[in-house]
Amino acid sequence: MSGLDDFIAAETSLSEVDGARGRLVIRGHTLDDLAGRTSFEALLSLLLADLAPLPAGELKSRLGLARSRAFAEIAHLDPDLLRLSITEALRALMARLPDGEEVDIAILLAAAPAVFVPAIIRRQAGREAIAPDPAKGHAEDMLFMLSGETPSPAQIAALDTYLVTVSDHGLNASTFAARVVASTRAGYTSAVLAALGALKGPLHGGAPGPVLDMLDAIGSPDHAEAWLSAALARGERLMGFGHRIYRVRDPRADALKSALARLGAAGGMNAARLALAETVERDALALLRLAKPDRPLETNVEFFTALLLEALGFPRDAFTGVFATGRVAGWLAHSHEQITNGRLIRPQSLYVGPKAA
Ligand code: ACO
């Protein structure tokens, strides 16, 4: 009852999380077919086919123009906002955007996190924000706004793969929050802000940072087995392993592992970091099999997210914001679906307090 486990709260034609088979299906396509082959823009066009039924090329150019429009908001990134965490500063900038159910507002919301996250990172480090280039692809432009350097095709492909991989995932906590707010007809911006609030919590969007903390604490491959055994003996959970729904494999972990392999050393993947991660993964899976023989515990999406975003130059406290850059596609598509097909979400509660006299 308390977590609504197994409770069906919406019908959706957007994505299916099939935990028993280890499959994620987005609008009839498996993630295995989409990741690494589809740009973020193409995925957005798939997810927003009902909300913004535009040819993929037109959606791409409108997304580029919307990045430029979002950049005007960077003027409001004052010292008070810069003292906030990256996720909170992102939420504050998103809250300044106009609200409503118009297509232009949805496209602006889809574009904005890719602009705001690099700008916040740079301004917090005392550097100037870099303006977007509407002619570039979304992933390419985000990487350029982060570093000021032209990213390689492998780096662009890696970020595209990441954004596609996290774009939608059934009725997770942030998507449910978006649907609840959208059902009140408050507007897409309000729905996305509710989703961002849910994503900020460490139980939802916050695991990849701790994966890097774990790798830093282990330090080198020859310490991995002893460190992991000691952590399990203390009753701790190994970050980046296990999942509530996936029981065989997390297909998103596979997609990101392949993206990392393609990125390689030339794309910024540090060979020593990768060797450490491979040993940690192998030893952790072996130890978890021994510790929990009845419970399949596999590598989850967060393990490879951490390595991929680190290799692309994002600081670990920006990982939740980069996640939002991809997941905003799902939040918008679900909000539209809720507005179109659903009703006001208003469940009942069971009163268990004291009886009135
Ligand atoms: N390390 C060690 N033991 C684990 C792990 C882990 N990563 N995951 C589960 N277990 C153990 C639990 O301690 C529990 O043991 P017990 O029955 O003796 O108490 C058993 O396996 C079952 O665990 P549950 O709590 O039922 O697993 P649940 O499905 O609720 O939790 C979760 C899933 C939260 C992801 C869990 O596996 C975990 O804490 N993993 C580490 C944190 C992490 O990687 N989070 C990101 C997940 S991906 C995502 O949310 C997008």
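These figures come from a predicted structure and were not determined experimentally. For ligands, and for the atoms within them, numbers begin at 1 and follow the listed sequence. All values below were derived from every heavy atom in this structure, side-chain atoms included, with hydrogens, water molecules and symmetry-related copies excluded.
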Atoms in ligand 1 flagged as close to [X], the criterion being non-hydrogen separation under 4.0 Å:
X: E302; answer: 46 (C), 48 (S), 49 (C), 51 (C)
X: R244; answer: 28 (P), 29 (O), 30 (O), 33 (C)
X: M239; answer: 42 (C), 44 (O)
X: L232; answer: 2 (C)
X: G240; answer: 43 (C), 44 (O)

Report the part of [X] in contact with ligand 1, treating N, CA, C, O as backbone and CB onward as side chain, heavy atoms under 4.0 Å; options are side chain, backbone, both, neither.
X: R247; answer: side chain
X: V211; answer: neither
X: R237; answer: both

Distance in Å, [X] [atom1] paired with [Y] [atom2], rounded so as to fall on 0.5 Å steps:
X: I156; Y: L143; atom1: CD1; atom2: CG; result: 7.0 Å
X: L215; Y: L307; atom1: CG; atom2: CG; result: 6.0 Å
X: M94; Y: L109; atom1: CE; atom2: CG; result: 5.0 Å

Check this for me - ligand 1, [X], N or O atoms closer than 3.5 angstrom, yes or no?
X: K292; value: yes
X: E236; value: no
X: L297; value: no

- Message: For atom 28 (P) of ligand 1, tell me which residue out of H243, M214, R295 has the closest non-hydrogen atom.
- Response: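 Result: the heavy atom closest to atom 28 (P) of ligand 1 is in R295.
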Got a salt bridge between [X] and [Y], using NZ or NE/NH1/NH2 to carboxylate O under 4.0 Å?
X: R244; Y: D5; answer: yes
X: R23; Y: D32; answer: no
X: D104; Y: R69; answer: no

- Decide if the gap between the ring center of F303 and the ring center of F241 is smaller than 6.0 angstrom.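 So the answer is yes for these two rings.
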- Task: Determine whether the side chains of H169 and R327 contain a donor N or O and an acceptor N or O closer than 3.5 Å.
- Result: no
